[in-house]
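The chains referred to below are lettered A, B, ... by the order of the sequence lines, with proteins before strands, and numbering in each begins at 1. Please read all numbers here as calculations on a predicted model, not as lab measurements. Every heavy atom of this structure was used, including side-chain atoms; hydrogens, water molecules and symmetry mates were not.
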Number of protein chains: 2
Amino acid sequence: MALSCRAHAFSVEALVGRPSKRKLQDTREQEQSELQENEGGEEEEERKNNAAEKNEQLEMPPKTEPSTTALSGSGGGSGNDNQLKSLKEKDIIQVELQGSELWKRFHDIGTEMIITKAGRRMFPSVRVKVKGLEPGKQYSVAMDVVPVDSKRYRYVYHSSQWMVAGNTDHSCMTTRFYVHPDSPCSGETWMRQIISFDRVKLTNNEMDDKGHIILQSMHKYKPRVHVMEQDTRVDLSQIQSLPAEGVKTFSFKETEFTTVTAYQNQQITKLKIDRNPFAKGFRDPGRNRWKQWLISSDF
Amino acid sequence: MALSCRAHAFSVEALVGRPSKRKLQDTREQEQSELQENEGGEEEEERKNNAAEKNEQLEMPPKTEPSTTALSGSGGGSGNDNQLKSLKEKDIIQVELQGSELWKRFHDIGTEMIITKAGRRMFPSVRVKVKGLEPGKQYSVAMDVVPVDSKRYRYVYHSSQWMVAGNTDHSCMTTRFYVHPDSPCSGETWMRQIISFDRVKLTNNEMDDKGHIILQSMHKYKPRVHVMEQDTRVDLSQIQSLPAEGVKTFSFKETEFTTVTAYQNQQITKLKIDRNPFAKGFRDPGRNRWKQWLISSDF
DNA sequence: ACGTTTCCACCTAGGTGCGAAACT
DNA sequence: AGTTTCGCACCTAGGTGGAAACGT
């Protein structure tokens with residue numbers, strides 16, 4: 001493996017599968033506000049290649065909640081609300097998405113993320129706050145991106161909508177895994193700071209050797225955040241799959257996105273330009289002023 | 001303490017003192033050059049850049065040694081030569097300074113490092129290769145900067161020399177400690193890469209809260225590299241002092257420097273401008289061309 | 001047609017020494 | 001007089017989307 005100690009992205013065959021909690025599908029919106037989609041780590045490894053049978057049609061954009069928190073009980077599956085409330089908050093690992101307002105604005109339009117051969121950052125990026133860790137215990141925090149379904153999508157301009165255009169060819173799909181550079185770190189330190197995954201890069205290059213997360217274009221994905229107990233002395237730079245135990249997984253509906261190599265929906269382009277500091281050059285007023293400069297100055 | 005998990009610099013009261021192994025002081029330089037050649041089995045790969053060296057008109061080009069290696073026996077400091085030679089190389093942690101040619105060129109003039117309130121990087125920066133670690137074991141690698149003596153210095157222009165100008169007032173001296181961001185990491189991974197401390201910043205602000213290394217201006221210092229066995233589960237972000245055991249410390253004579261807030265020796269300035277990519281704007285040819293631009297163009 | 005790649009102007013972010021000003 | 005600070009022009013390094021070229 002050509003990854004250096006801090007390359008942070010690793011192949012995880014075992015995680016390829018999509019979420020199989022189908023009965024949550026329609027209630028997912030509420031879960032976002034109450035408990036998000038928490039996927040208990042323990043039973044993740046057997047989810048391999050459940051083909052996505054249905055879900056062929058697009059869904060209506062969900063209504064947005066102001067802030068988003070995901071809880072994790074002990075076991076795995078999203079426990080129910082009452083049960084969770086009966087536990088002390090300290091005992092429950094809780095992950096709160098930062099910047100969820102912006103995420104929701106994108107989500108309402110239909111978030112698109114550009115992927116390139118060299119690797120492209122996400123905007124918005126995944127940023128979370130964690131609560132309920134044991135202060136003295138060591139944890140690692142990681143992120144990956146998993147398919148939402150096995151469909152290929154196509155953007156229909158005249159209706160400004162994404163339509164199913166076929167099925168995924170599961171050729172060389174290995175899910176990579178970005179370990180947050182601060183890992184491992186004490187629960188106290190993790191909880192004191194905002195955990196940002198802004199350096200994560202997405203690529204469509206299946207041969208990528210820079211440790212970026214490999215995705216297929218024109219597919220729907222969602223990022224996931226994993227909080228891992230680090231009591232055993234495993235070297236994260238070496239492991240090939242998630243530890244079976246002591247892993248809590250969180251995801252947020254509003255962070256779902258469709259991969260593209262060029263933006264399809266112009267509203268997305270506009271919002272990106274408007275909010276991403278690096279795109280400031282494309283904000284309107286006085287654009288192309290330099291051309292007039294060029295005209296008026298002679299060499 | 002306001003340090004985040006990866007701020008990497010920590011107060012270490014226990015390390016405040018100046019080096020006490022005085023008998024090694026004068027022989028250290030020989031150790032450097034002798035040891036780099038002995039048991040010369042597998043360190044041949046680093047000989048690449050010698051030919052590319054262009055020598056400026058400055059001082060005589062020093063007969064450049066390709067690299068500088070320091071060995072560590074069992075104890076804390078640099079063990080003695082004979083004893084080391086009797087051990088197998090694999091059992092000896094060995095740290096080789098990268099870029100020692102450049103360091104030596106600065107050293108021959110009298111290296112100066114600028115320190116600022118906001119924090120200033122070092123140039124050259126400390127970069128090392130480590131050998132002799134146990135591949136599977138976990139290590140952390142750190143750097144600190146310790147006084148060479150308790151003297152205050154002054155640069156005498158007409159003789160181009162640094163002269164003792166008084167003694168240090170040991171007021172608020174706490175040695176800080178920069179833990180390499182890859183820590184902790186397996187010996188295998190550490191040995192596979194060049195370990196660079198180029199993000200280290202030096203400051204003269206005793207109140208610094210950004211984790212930079214705090215130094216006093218007009219004093220002589222030397223950087224040290226520490227290789228720490230990480231078998232115990234200590235959180236480096238929390239510790240206040242170096243572990244007593246399992247730490248090997250290395251330093252290199254040619255990395256000594258004098259702290260300044262503005263360069264004193266113009267030969268140092270010239271060499272910095274010549275070699276530091278960020279100072280390219282001060283390299284001579286066509287400098288100030290933009291002014292003529294300004295004159296010929298009218299607004 | 002449609003999707004991808006490449007190059008580019010335009011940004012952010014931040015590391016240089018300079019030189020004037022300020023400090024002591 | 002010797003040091004330190006600050007704003008600055010000039011860099012490196014790299015993240016944007018546009019637009020044209022390039023597949024397929």
Side-chain angles (χ1 to χ4, degrees), chain A residues 112-123 125 152-157 165-166 198-206 210 216-219 258-266 268-291 293-294, chain B residues 112-123 125 152-157 163 165-166 198-205 210 216-219 258-266 268-291 293-294:
Chain A
E112 302 175 18
M113 293 289 174
I114 287 190
I115 58 180
T116 66
K117 212 168 123 185
R120 196 74 152 191
R121 286 191 181 177
M122 295 172 61
F123 187 87
S125 58
R152 189 170 207 286
Y153 286 84
R154 189 167 68 87
Y155 185 72
V156 182
Y157 287 85
D198 56 350
R199 306 272 281 261
V200 170
K201 284 190 176 179
L202 312 181
T203 183
N204 57 347
N205 179 15
E206 294 178 2
K210 294 190 288 294
Q216 291 187 328
S217 188
M218 313 307 270
H219 284 67
T258 306
T259 47
V260 295
T261 57
Y263 290 127
Q264 306 294 307
N265 188 333
Q266 295 189 358
I268 291 293
T269 310
K270 190 173 184 316
L271 195 49
K272 297 248 185 181
I273 288 175
D274 213 44
R275 299 305 198 87
N276 189 334
F278 290 109
K280 194 184 249 182
F282 296 97
R283 293 177 196 168
D284 255 339
R287 182 126 165 69
N288 286 348
R289 209 165 14 195
W290 66 275
K291 285 183 181 173
W293 250 83
L294 212 63
Chain B
E112 302 175 20
M113 292 288 174
I114 286 190
I115 58 179
T116 67
K117 214 167 118 183
R120 196 77 151 189
R121 286 192 180 176
M122 295 172 62
F123 186 87
S125 58
R152 188 170 207 287
Y153 287 83
R154 161 179 310 182
Y155 185 73
V156 181
Y157 286 85
M163 310 285 286
D198 55 351
R199 304 274 281 261
V200 170
K201 284 190 176 180
L202 311 181
T203 183
N204 57 348
N205 179 15
K210 294 191 288 294
Q216 291 187 327
S217 188
M218 314 307 272
H219 283 67
T258 306
T259 47
V260 295
T261 56
Y263 290 128
Q264 305 294 306
N265 188 334
Q266 294 188 359
I268 290 295
T269 310
K270 187 170 189 323
L271 195 49
K272 296 250 185 180
I273 288 174
D274 212 46
R275 298 306 196 88
N276 189 334
F278 289 110
K280 194 185 250 181
F282 296 97
R283 292 176 196 168
D284 257 339
R287 182 129 164 66
N288 287 347
R289 206 164 18 192
W290 65 274
K291 285 183 181 173
W293 250 82
L294 211 62

For the pair made of CG in B:Asp198 and C1' in D:dT12, what is the distance, rounded to whole Å? 13 Å

Pick base, sugar-phosphate or nothing for B:Arg120, based on heavy-atom distances below 4.0 Å to the nucleic acid. base

Every protein N/O lying under 3.5 Å from an N/O of nucleotides 5-7 of chain C:
unit_1, atom_1, unit_2, atom_2, d
C:dT5, OP2, A:Asn204, ND2, 2.8

Between CZ of A:Arg121 and P of D:dG17 the distance, given in whole Å, is 12 Å

Given atom CG of B:Asn265 and atom C1' of D:dT3, what is their separation to the nearest angstrom? 17 Å

Under a 4.5 Å cut-off applied to non-hydrogen side-chain atoms, are B:Met122 and B:Leu202 in contact? yes

With sequence neighbours left out, write down each residue that passes side-chain contact (heavy atoms from CB on, under 4.5 Å) with B:Lys272, or none if nothing qualifies. B:Phe106, B:Met113, B:Phe123, B:Tyr263, B:Ile268

Options D:dG18, D:dT4, D:dT12, nucleotide nearest the side-chain atoms of B:Phe278: D:dT12

Calculate the interatomic distance between A:Leu202 atom CG and D:dT16 atom P; express it in whole Å. 11 Å

For the NZ atom of B:Lys270 and the CZ atom of B:Arg283, what is their distance to the nearest 0.5 Å? 10.0 Å

Nearest listed nucleotide, side chain of B:Lys280, among D:dC11, D:dG18, D:dT16: D:dC11

For B:Asp198, give me all partners under side-chain contact (heavy atoms from CB on, under 4.5 Å), at least two apart in sequence or on another chain. B:Ser125, B:Ser196

Is there a donor-acceptor pair closer than 3.5 Å between any side-chain N or O of A:Thr258 and the backbone N or O of A:Met218? no

So do the side chains of A:Arg120 and A:Lys201 get within less than 4.5 Å of each other, counting heavy atoms only? no

With sequence neighbours left out, the residues meeting side-chain contact (heavy atoms from CB on, under 4.5 Å) with A:Lys117 are A:Asn204, A:Asn205

Base, sugar-phosphate alone, or nothing: which one does A:Tyr263 contact when heavy atoms must sit under 4.0 Å apart? sugar-phosphate

Checking A:Gln266 side chain against A:Gln264 main chain: does a donor-acceptor pair fall under 3.5 Å? no

Round to a whole Å and report the spacing from CE of A:Met218 to C1' of C:dT4. 11 Å

Would you say B:Lys201 places a side-chain N or O within less than 4.0 Å of OP1 or OP2 belonging to C:dG15? yes

With the criterion being N/O to N/O and under 3.5 Å, what pairs connect the protein with nucleotides 19-24 of chain C, and how long is each?
none

Taken to the nearest whole Å, CD1/B:Ile114 to P/D:dT5 is 12 Å

Could you pull out all residues at least two apart from A:Tyr155 that satisfy ring pair (Phe, Tyr, Trp, His ring centres under 6.0 Å)? A:Tyr157, A:Trp162

Side chain of A:Ile273 (C-beta onward), nearest among D:dG17, C:dC18, D:dT3: D:dG17

Between atom CZ in B:Arg199 and atom C1' in C:dG14, what is the gap in whole Å? 11 Å

Contact nearer the 5' end of DNA chain D, comparing A:Asn276 with B:Val260: B:Val260

OP1 or OP2 of D:dT3 less than 4.0 angstrom from a side-chain nitrogen or oxygen of B:Arg154, does that happen here? yes

I want to confirm an ordering. Mapping B:Gly119 and A:Tyr155 to their closest nucleotides on DNA chain C, which one lands closer to the 5' end? A:Tyr155

Whole angstrom value for the distance that separates P of C:dT12 from CZ of A:Phe123: 13 Å

Just wondering, do A:Val260 and A:Ile114 contact through their side chains at under 4.5 Å, heavy atoms? yes

